[in-house]
Amino acid sequence: MNGHAIKAVKRVLYRAVYGSRYDDVPWSQRLYVRPGERHVRQALWRLRLRRAPLMTLAEYRQRTKLGELEEFVVCHLCGDSRQQPLFTPADPKGRWSYHVVRCPSCGFLYRNPNIRPDRLGDLYADNYSAFLTGKYAADRQRRYRLTMDAFHPVFAEGAGRRLLDFGCGAGLFLELAEQRGFDAAGVDLSPDSVVEANRRLTRARAYHGAPEDVPEIAVGGFDVITLWSVLAHLPRPLEDFRRFRSLLAPGGVLMILTVNAASLQLKAFGSEWNGFTKNHLMFYSAETMPVLLRRTGFAGVAFAPFYGDTVEAGTTKLSEPMRRRLRRAVEASDGGNMLRALAFADDEAIDRWGGGLKVRRLPKREG
Ligand SMILES: [Zn+2]
């Protein structure tokens, strides 16, 4: 059967099982609200993993083309070199594509070949960020506010506290941080974004480069560090997270928003998943992110389920019973299409900010 025939059969099947009840529900939400669907998706995913080929790095290198900016890598989290190729995301217009593999030991999903860290600047040098304005900027800031609410009271009162936004872009979050009273600074690899950010900000400052290049940031002592949609772009996450840990003050926290590699949407849409964007390199889940945090010296982590911006902001068109069902399904399955995490530098941070959250303590172990 060809692709079109399979799709037609699926449509008939869905119609027979679910009727027209879910026709108005967006695809990304149907996965959660149609009874039984998430169980079917999970079962198909397990089947896919069992069937996916498993090979040595040498075998994988032989069959995979290496781009000019790229290098082959092994699992960043556990060092296993074996490769389980799963996805090949590609731009519909053919401008880019890459390969995503799974580590058979720890389940980490990563791009392989990866971008060489010394060439990363090339990706962001020429006006990488089309500056978000109007509705897009408002949507982005809404997402920041919803996530800050999910970790209340970490972001409630910034007076007397230092905040670093790593990968600050054009300063949309720094603007909110300074409004809440934080003594805030940001860094970004795109020089144009930094200029734009400093135009937007009154007290907070944005800098071009890495934290160690900016004396005011290199001294550390931050109470909060934020990574808004940045983690998936980092080619050397262990190095970066060791640096973040050392930049935090006692009692400090690191907030991370990134795409969720355990998402039902990834399982349903495969290479067409919206988390596989052009410059994403690594894809974390609530299983794999704690490994990164433990290895880089954090004491604990808490996750906040992501229900989708329209559901959380109350602007969704879903009926109230459907909303409740979606929330329950997100909590019982993948935690949502985005991963929202609060990492605690030490026990003091857990005592101070872990109150209303389900904190997972990470055993101390260097390595
Ligand atoms: Zn691994």
Side-chain angles (χ1 to χ4, degrees), residues 75-80 103 105-110 146-158 161-166 220-232 234 236-263 282-307 327-328 330-367:
C75 177
H76 306 268
L77 296 186
C78 78
D80 192 335
C103 169
S105 295
C106 71
F108 189 47
L109 288 187
Y110 58 100
L146 292 169
T147 299
M148 288 195 280
D149 291 349
F151 292 121
H152 184 79
V154 172
F155 295 94
E157 176 52 66
R161 297 169 68 207
R162 297 188 73 209
L163 179 145
L164 170 65
D165 188 25
F166 185 82
F222 288 96
D223 301 288
V224 182
I225 298 179
T226 49
L227 294 181
W228 297 99
S229 302
V230 165
L231 176 55
L234 301 180
R236 293 281 186 272
L238 287 164
E239 287 169 27
D240 288 317
F241 271 56
R242 284 196 187 100
R243 188 181 314 127
F244 297 148
R245 176 66 189 80
S246 72
L247 289 173
L248 282 171
V253 290
L254 170 68
M255 194 291 315
I256 303 154
L257 174 79
T258 189
V259 293
N260 180 6
S263 163
M282 294 177 209
F283 309 89
Y284 295 81
S285 70
E287 295 301 311
T288 54
M289 189 186 285
V291 180
L292 172 63
L293 292 168
R294 178 180 55 72
R295 289 194 56 190
T296 52
F298 285 84
V301 61
F303 294 98
F306 176 78
Y307 306 102
R327 283 178 171 270
R328 279 199 305 270
V330 165
E331 285 158 19
S333 59
D334 61 354
N337 199 45
M338 302 294 292
L339 197 61
R340 300 196 287 203
L342 191 69
F344 304 88
D346 47 25
D347 291 340
E348 185 185 333
I350 296 176
D351 291 343
R352 196 179 297 172
W353 304 112
L357 302 165
K358 228 187 266 169
V359 179
R360 202 186 301 175
R361 284 183 187 265
L362 304 169
K364 278 198 183 72
R365 207 190 86 188
E366 244 321 284

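Here the structure is a predicted model, which means the values were calculated and not measured.
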Aromatic plane relationship, His76 with Tyr110 - under 30° parallel, 30 to 60° tilted, over 60° perpendicular: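 The rings of Tyr110 and His76 stand perpendicular, inter-plane angle above 60°.
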Step-by-step side-chain contact (heavy atoms from CB on, under 4.5 Å) determination, Phe298 to Leu248: CA-CA 10 Å; Phe298 285 84; Leu248 282 171; 3.7 Å; yes
Identify every side-chain donor-acceptor pair in residues 334-346 under 3.5 Å, counting partners at least two apart or on other chains, and give the distances.
unit_1, atom_1, unit_2, atom_2, d
Asp334, OD1, Tyr32, OH, 3.4
Asp334, OD1, Gly336, N, 2.8
Asp334, OD2, Tyr32, OH, 2.6
Asp334, OD2, Leu264, N, 2.7
Asn337, OD1, Ser263, OG, 2.6
Asn337, OD1, Trp273, NE1, 2.8
Asn337, ND2, Asn274, OD1, 3.0
Arg340, NH1, Thr147, OG1, 3.2
Arg340, NH1, Glu312, OE1, 3.2
Arg340, NH2, Pro305, O, 2.8
Arg340, NH2, Glu312, OE1, 3.3
Arg340, NH2, Glu312, OE2, 2.9
Asp346, OD1, Gly251, N, 3.2
Asp346, OD1, Glu348, N, 3.4
Asp346, OD1, Ala349, N, 2.9
Asp346, OD2, Gly251, N, 3.1

Check: Thr296 side chain, Leu292 main-chain N or O, donor-acceptor pair, under 3.5 Å: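 Yes; at least one donor-acceptor contact below 3.5 Å.
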Arg295 side chain to Leu238 backbone, donor-acceptor under 3.5 Å: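 Flag not set: sc Arg295 to bb Leu238 has no pair under 3.5 Å.
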Shortest non-hydrogen contact from [X] toward [Y]:
X: Leu362; Y: Arg294; value: CD1-N, 3.8 Å
X: Cys106; Y: Thr288; value: O-CG2, 3.7 Å
X: Met289; Y: Phe303; value: SD-CE2, 4.0 Å

side-chain contact (heavy atoms from CB on, under 4.5 Å) between Val359 and Trp353, intermediate numbers included: CA-CA 10 Å; Val359 179; Trp353 304 112; over 6 Å; no
Value rounded to 0.5 Å, distance of [atom1] in [X] from [atom2] in [Y]:
X: Leu231; Y: Phe166; atom1: CG; atom2: CZ; answer: 10.5 Å
X: Leu109; Y: Ser285; atom1: CG; atom2: OG; answer: 8.0 Å
X: Glu239; Y: Leu234; atom1: CD; atom2: CG; answer: 10.5 Å
X: Arg245; Y: Leu293; atom1: CZ; atom2: CG; answer: 11.0 Å
X: Thr258; Y: Met282; atom1: OG1; atom2: CE; answer: 11.0 Å
X: Ile350; Y: Arg360; atom1: CD1; atom2: CZ; answer: 12.5 Å

Trace of the side-chain contact (heavy atoms from CB on, under 4.5 Å) decision for Val154 with Arg161: CA-CA 11 Å; Val154 172; Arg161 297 169 68 207; 4.3 Å; yes
Pairing residues for Ala156 by the side-chain contact (heavy atoms from CB on, under 4.5 Å) criterion, not counting sequence neighbours: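 side-chain contact (heavy atoms from CB on, under 4.5 Å) check on Ala156 returns His152, Pro153.
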Name the atoms and distances for all side-chain donor-acceptor pairs under 3.5 Å in residues 221-229, with sequence neighbours left out.
unit_1, atom_1, unit_2, atom_2, d
Asp223, OD2, Arg162, N, 2.7
Thr226, OG1, Leu164, O, 3.4
Thr226, OG1, Asp165, OD1, 2.8

Phe108 vs Asp80, side-chain contact (heavy atoms from CB on, under 4.5 Å): CA-CA, chis, key distance, verdict: CA-CA 10 Å; Phe108 189 47; Asp80 192 335; over 6 Å; no
